Each structure stands twice: as C-alpha cells, then as structure tokens.
Amino acid sequence: MDRLSLQSSLGIVIPHPCRYRNTSLPNSRHQGFRVHERNTRLKASGGESSDFKKPFWVRDLEQDAPYDEDAARVLKGTNGDPKKVRENIRREQRTKLEDIFQGRTGESVPVRVYFREVDPFDLWVWFEFYSPPSESDKELFSETLRSWFVVGKLGGYNSSNLQVARNCEDDISYFEYDFEDPDENKLESFFHEMSDVEFQEDCARFRLDMGTADEMALDCLINMLSSFSEEYLGIKKLFIGGENQDWEVPKQIDGEQDQLKGLMDFAAYAKARQAGGSSDGDVKTGQKLKIGDNTYTVEDIPPPS
C-alpha cells in the first residue's frame, strides 16, 4: 500500500519522508558540545559569562541587596550562582532555627520579688541578675520591658474592663463582648512615661510614671519577668519601688515635685470619689490633669452611682 492509500484509509496526513531530509535537527552530541563550551567559559571567567542567565529570583535578590542585609548575606561569595545562593539560604535557615530552638539559658529558681515604698508617679524598679548580662541580653531585656510599657501606654492595664475574665468560667465560645462603654464610671488607664533601662554590673533599673494605670500592670510585669528569667536571663531579685544606697537616683527639681504631688492628690481624689468617700489630698475645684492628649478636671470625675 502506497503512502497516499494509507493516508486516505487512516484519515491522517503522513508527511513525505524527503521533506525534512536536509533539515539540520539538534542532537544529543550537538547539545553536549554547547554545554561543555558554556561551562568552559564560566570557569575561565571565574563564574561569570555573558551567556550565563541568572534565574529571576537571583536577580531580585541582587536588586534588594543594597537595602536588605539578609539578601546581601546570602549572595556573598556566590557570583550569582543559583546553586551557591541556595546553599547560603539553607545555611541561614539552619542558623535561625538553631537560635529559635536553643536550649533554656535562664534559671529555674523563681524570682524573689520585694515591694518597698511605692510612688506610682515616680516608681523605680530594680533588678539583680545572677551574673552580668551580655550586650545581647541587655538588648533583649530592654525590648521586653518596652513591650510591657507599650501595652500600658495604650491602656491595656485597666481592671475596670475585664469582661472576659469576670463573665466567663470555662468556655468563652460565642461570648458576647460589649463593645460599647461597659462602665460609664470607669477612668481611662494609661502609662505616662518610662525611662531607658540602665545597667550597672549585675544590676539594672528603670523609672516609671504609671499615670492612671491600675496596679494589675505590676502583676503582669512580675508574671512576664518570671518566665523571662526562666527562659533567657536569670533574675535573682526584683524590687518594686524604693531606692538603693549604692546607686542613687536623680533628684526631682521642686517644680516637678509639686507637679507630681498635684497629680497624686488628683488621683487620690478620683479614687475616693468613685468609692463614695473623701480624699486626703488638697484638690481644688477646676484643677486639671493632662493624660496623653486629653485634659480632665475634678468635675469630670463621675460621682459614685
């Protein structure tokens, strides 16, 4: 059967065998020669060649390298070779995982907590470590305390709005949270300011103005530092308030002392008025208290219901 008969019987088009007789088709030998030639040029140029095309993700890393330390680190010493870049990426990943899952470096002994004279508007918090902290320990400890302060700065330590804790026993599924004002008589609760953490050998300290925040902030601080001491940096003693004779605190000028006294009198009056009693502080009608961007007067404090 000739080609045309077979083509008509099968219903397909069979190309003429001579049509591609003179066509130059690539073969494995030709491809192998091109690969060998490219590798030779790469070795001669130290890994760089005009014919060498980098993957798009390598080019993206090279563009980000001037601004991204991680990208620059994985590209270092690779000359854009994707294989070497992948090896560096895997090495970086292993290093970070080891840092994350490193063993505990703290102390299993509980932190001993002592309360001394507490002035919420001029509160000094003192720490004694088991050994002098390293620079990385200092940075981690300071950032932990700043995180605690940010929560207070945003009003997180407010015991007058603990709806979930007070209304749920075991299961909080489908709890109906009252996002309106749950307590019209409650005061806002904000930290005012916190100093930088200071270190001296195996001790540290910082100053805090608690503002109108509740004492529950100190409970949260103690709970947080207990875990921090066990996991990272061992804290031997924690002192709330007071002063240390061997590490004097900066003295407040008279104007600042008068202002602090006025704020303390105002806070005492507020708590007494909410409780239905009287205040020992000398608070005058129209006295103002500035909290953040808001200014309050004595008359703004709601009477007890």
Side-chain angles (χ1 to χ4, degrees), residues 34-106 125 127 129 131-157 190-201 204-209 211 213 217 220-221 223-225 227-235 292-293:
R34 293 190 62 184
V35 171
H36 174 73
E37 184 181 11
R38 184 191 66 180
N39 293 338
T40 302
R41 287 198 300 268
L42 284 174
K43 292 180 180 179
S45 60
E48 296 288 348
S49 173
S50 59
D51 293 340
F52 178 61
K53 295 183 178 180
K54 302 174 184 177
F56 70 91
W57 58 271
V58 175
R59 295 196 296 271
D60 289 342
L61 286 174
E62 291 177 338
Q63 293 176 358
D64 296 339
Y67 318 101
D68 190 335
E69 294 181 358
D70 292 335
R73 192 159 48 248
V74 299
L75 287 173
K76 185 176 180 180
T78 63
N79 291 327
D81 186 346
K83 183 177 179 180
K84 294 181 179 179
V85 175
R86 289 193 183 95
E87 292 176 355
N88 286 354
I89 292 175
R90 294 190 185 99
R91 188 183 305 110
E92 288 290 321
Q93 290 175 340
R94 286 194 298 268
T95 301
K96 291 183 178 180
L97 287 175
E98 290 174 358
D99 292 340
I100 294 174
F101 295 106
Q102 64 179 347
R104 294 182 175 181
T105 57
V125 182
F127 307 91
F129 305 106
S131 59
S134 64
E135 291 300 322
S136 59
D137 290 335
K138 292 178 181 179
E139 182 179 358
L140 180 60
F141 185 70
S142 299
E143 290 298 326
T144 302
L145 292 175
R146 289 193 193 99
S147 301
W148 170 77
F149 172 75
V150 169
V151 176
K153 189 72 173 178
L154 297 175
Y157 307 120
F190 298 104
F191 277 168
H192 282 183
E193 61 180 357
M194 171 183 164
S195 70
D196 293 333
V197 183
E198 303 175 43
F199 295 90
Q200 188 179 88
E201 297 180 354
R205 70 179 184 181
F206 70 90
R207 178 187 173 275
L208 175 69
D209 182 350
C220 295
L221 175 66
N223 292 337
M224 177 187 71
L225 292 178
S227 298
F228 183 90
S229 175
E230 184 177 355
E231 295 288 342
Y232 301 104
L233 175 62
I235 302 173
D293 297 330

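Just so we're clear, the structure is a prediction, and the values are computed from it rather than from any experiment.
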Testing the basics here: between [X] and [Y], what is the closest heavy-atom pair and its distance to 0.1 Å?
X: E193; Y: L208; value: O-CD1, 3.5 Å
X: G155; Y: F190; value: N-CD2, 3.5 Å
X: E201; Y: P133; value: O-CD, 3.5 Å

Interatomic spacing from CE in M194 to NZ in K153 - rounded to 0.5 Å: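 Nearest 0.5 Å value for the CE-NZ distance: 12.0 Å.
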L233 CG to S131 OG distance, which is reported to the nearest 0.5 Å: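 One gets 7.0 Å once the value is rounded to the nearest 0.5 Å.
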Partners passing side-chain contact (heavy atoms from CB on, under 4.5 Å) against A65 (at least two apart in sequence or in another chain):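 A65 satisfies side-chain contact (heavy atoms from CB on, under 4.5 Å) with A72, L75 only.
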Partner residues of S134 under the side-chain contact (heavy atoms from CB on, under 4.5 Å) criterion, sequence neighbours left out: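 Counting only residues at least two positions away or on another chain, S134 forms a side-chain contact (heavy atoms from CB on, under 4.5 Å) with S136, D137.
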E198/R207 ion pair, N-O < 4.0 Å: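 R207 and E198: not salt-bridged.
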Enclosure of E139 CD (heavy-atom neighbours >12, cutoff 6.0 Å):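 At most 12 heavy atoms, drawn from other residues, nucleotides or ligands, come within 6.0 Å of this atom.
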Exceeds 12 heavy-atom contacts within 6.0 angstrom, atom CD of E87: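 Yes - once you tally the heavy atoms of other residues, nucleotides and ligands closer than 6.0 Å, there are more than 12.
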Side chain to side chain donor-acceptor pair (under 3.5 Å) partners for E62, two or more places apart: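 Once residues adjacent in sequence are excluded, the partners of E62 under the side chain to side chain donor-acceptor pair (under 3.5 Å) criterion are K54.
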Side chain D81, main chain K83, donor-acceptor under 3.5 Å: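 Such a contact is found between D81 side chain and K83 backbone.
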Heavy-atom donor-acceptor pair, T95 side chain to R91 backbone, under 3.5 Å: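 It does hold such a pair.
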Show me the side-chain donor-acceptor pairs of residues 143-152 shorter than 3.5 Å, one per line, residues at least two apart or across chains.
residue: E143; atom: OE2; partner: R146; partner atom: NH1; Å: 2.7
residue: T144; atom: OG1; partner: L140; partner atom: O; Å: 2.8
residue: S147; atom: OG; partner: E143; partner atom: O; Å: 2.9
residue: W148; atom: NE1; partner: Y157; partner atom: OH; Å: 3.2
residue: W148; atom: NE1; partner: A217; partner atom: O; Å: 3.1

Ring pair (Phe, Tyr, Trp, His ring centres under 6.0 Å) against F129, all qualifying residues, sequence neighbours excluded: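 Testing F129 for ring pair (Phe, Tyr, Trp, His ring centres under 6.0 Å), a comparison that skips the adjacent residues, returns F141.
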Beyond-backbone contact of F206 with S142, side-chain heavy atoms, under 4.5 angstrom: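 No, too far: nothing below the 4.5 Å cut-off.
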Under the salt bridge (Lys or Arg N to Asp or Glu O under 4.0 Å) test, residues paired with E135 that sit two or more places apart: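 Partners of E135 by the salt bridge (Lys or Arg N to Asp or Glu O under 4.0 Å) criterion, ordered by chain and then number, come out as K138.
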Stepwise side chain to side chain contact (heavy atoms under 4.5 Å, CB included) test for F127 and V197: CA-CA 10 Å; F127 307 91; V197 183; 5.6 Å; no
